[in-house]
Amino acid sequence: MSLKIKEFLNKHFYRVFNESHLFYTLIYLLSAFFMAFLSFIRNTGNIILFFATTISLTFIILLFIATIPNMKGFLFSEEQLVDQGKILSFLSIFIFCCIIMAIYFIFGGSKDLTIQFLGWDILLPTMFVFIFFGWNISQIWFLRYYMEDFASKVEEKIISPEMKRKNRERFSLIFLIIALIFPVILNIISISYFSIAFGNESTETIATLIIIIILIFIVIGLTSIRQIILYIKSKENDSPNVFSSVFYIFIWLYIWYRSFSFINAFSSASQTTADILTTLIDVILMIAVAISVLRSLGGKIRGIQLFNQYNIAFFLYAFTLLYIEGQVIMITGAGALKGVFSDTPQISLVNNFIILVVSVVFYAYYSSYILQRKDFINKTHFKPSEVIKILSEYRKHLDSRGYINLTEIDDREFEMFIESQNLKKEESEPKKAIKTETLDRDVEIERESEEILEKNNDGGFPRDYEKEKDDTSHNDE
């Protein structure tokens, strides 16, 4: 049982809890607590900025060093939690980064450089605040992979290709009704909770809460109308489905959580159960998005092979520390950037409001886009690969009707036309791989044939030939 748990943690958390990485994980956690502790002390913004930049740069350098095969045993020994190789590697790189950053902080201020923005006191705080907000705003884009995957699995389980149209329409309508009711129930739960939690708040705060709740229900109404329109379009396209409704449920689950966090930021109580719960969910979402980002990057840099199962953890350490630092800077201030917010709830208020707006706009656009990609509704926008497919089908159609002769218009002519229209044929690489695989298989078959021939040979002649020769000699006699 413990072995299965360990395998699960290694697979989904990139070995951060494995003996090979636990030393670095402890350093990461201690660094995060150290930054949080310093944030409660006045005038420590620059110290935190220096430390966060240095420790993150250390992990980034370790990420590149870990791509060297010979360094695997040195950096990720599983025999001991703390060994000489890990300590020397981390300390030597950390000291190197400290020296580099110290030189930058001493001589690289905005007043000392011609381009003032490149100064550490402007560049670093701005970049880390951008990372904090950018990471949160992009969450919905990367979380959509999980939403789509789950919705597709539900679609495959419930609606099969052999199912009658009437049954497909019935399931599609049932899930639409569930999807429309779901956000209403969630927000009724929120109202029940906040009516108790905000019992001691001022009249102005309660009035603001009521206005926010009314606006949320207006958004529910608008997205519901959007979802009903998509349902009608899918019926008109003879493609009733449950994918759209399940995807809508997950989108609204995320929007509800952000609206809950936004309203909770109005509460005067700094330590509540809701605060702990939202913080925990934020951490889970951050990890989920990080995994999605890494998988996306991994698919785009396969040739470079920058990430592997061992060094991905260093990326997580570095990026999440910078994410934390972005929030600390907005409270404590650092460099030329003064503290903008007085506490964490104010940051949460602004952050969740921006995410709410982005999530609703994202649904309004993407809900139609993904259904078009899956052929559930008629397409109004086409990707280059889809245009090429349509042109190819039309070319075959003209040939079948006798309007053109494909033997006279070869594939090269068609590819030249596609290139002239600035379209790229994405299938070229797989075909190349298939061709290589076919050649390899032909070589293998030829080699096996030669081995069989050599095995059957006797004195340099095939056995059948020898038998034929003996028969001929016998007949001559």
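Just the heavy atoms: all of them, side chains too, but no hydrogens, waters or symmetry mates, feed the values below. Position 1 is the first residue of the sequence, and the numbers go up from there.
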Check side-chain contact (heavy atoms from CB on, under 4.5 Å) between I47 and all other residues, then give those that pass, not counting sequence neighbours.
-> L38
Polar contact flag, side-chain donor to acceptor under 3.5 angstrom, S152-E148 = no
Sequence neighbours excluded, which residues qualify as salt bridge (charged side-chain N to carboxylate O under 4.0 Å, His left out) partners of E156?
-> none
Strictly under 6.0 Å, is that where the ring centroids of Y363 and Y248 end up?
-> yes
Assess whether side chain to side chain contact (heavy atoms under 4.5 Å, CB included) is satisfied between R144 and I140, documenting all intermediate values.
-> CA-CA 6 Å; R144 87 187 196 280; I140 188 66; 5.8 Å; no
List in chain and number order the residues that pass ring-ring contact (aromatic ring centres under 6.0 Å, His included) with Y365, two or more places apart in sequence or in another chain; answer none if no residue qualifies.
-> Y369
pair F34-L30: side-chain heavy atoms closer than 4.5 Å = no
F51 side chain near S31 side chain, heavy-atom distance below 4.5 Å = yes
When you look at CZ of F150, are more than 12 heavy atoms from neighbouring residues, nucleotides or ligands closer to it than 6.0 Å?
-> no
Side-chain heavy atoms of L316 within contact of Y28, under 4.5 Å = no
More than 12 heavy atoms of other residues, nucleotides or ligands under 6.0 Å from CZ of F217: is that the case?
-> yes
Mind checking ring-ring contact (aromatic ring centres under 6.0 Å, His included) for F23 and listing every partner two or more places apart, or none if nothing turns up?
-> none
Qualifying residues under ring-ring contact (aromatic ring centres under 6.0 Å, His included), relative to F76, sequence neighbours excluded = H21, Y310, F314
Any chance the rings of F50 and F105 have centres within less than 6.0 Å?
-> yes
With Q116, which residues qualify under side-chain hydrogen bond (donor to acceptor under 3.5 Å, both in side chains), at least two apart?
-> none
Between the main-chain N or O of L186 and the side-chain N or O of W256, is there a donor-acceptor pair closer than 3.5 Å?
-> yes
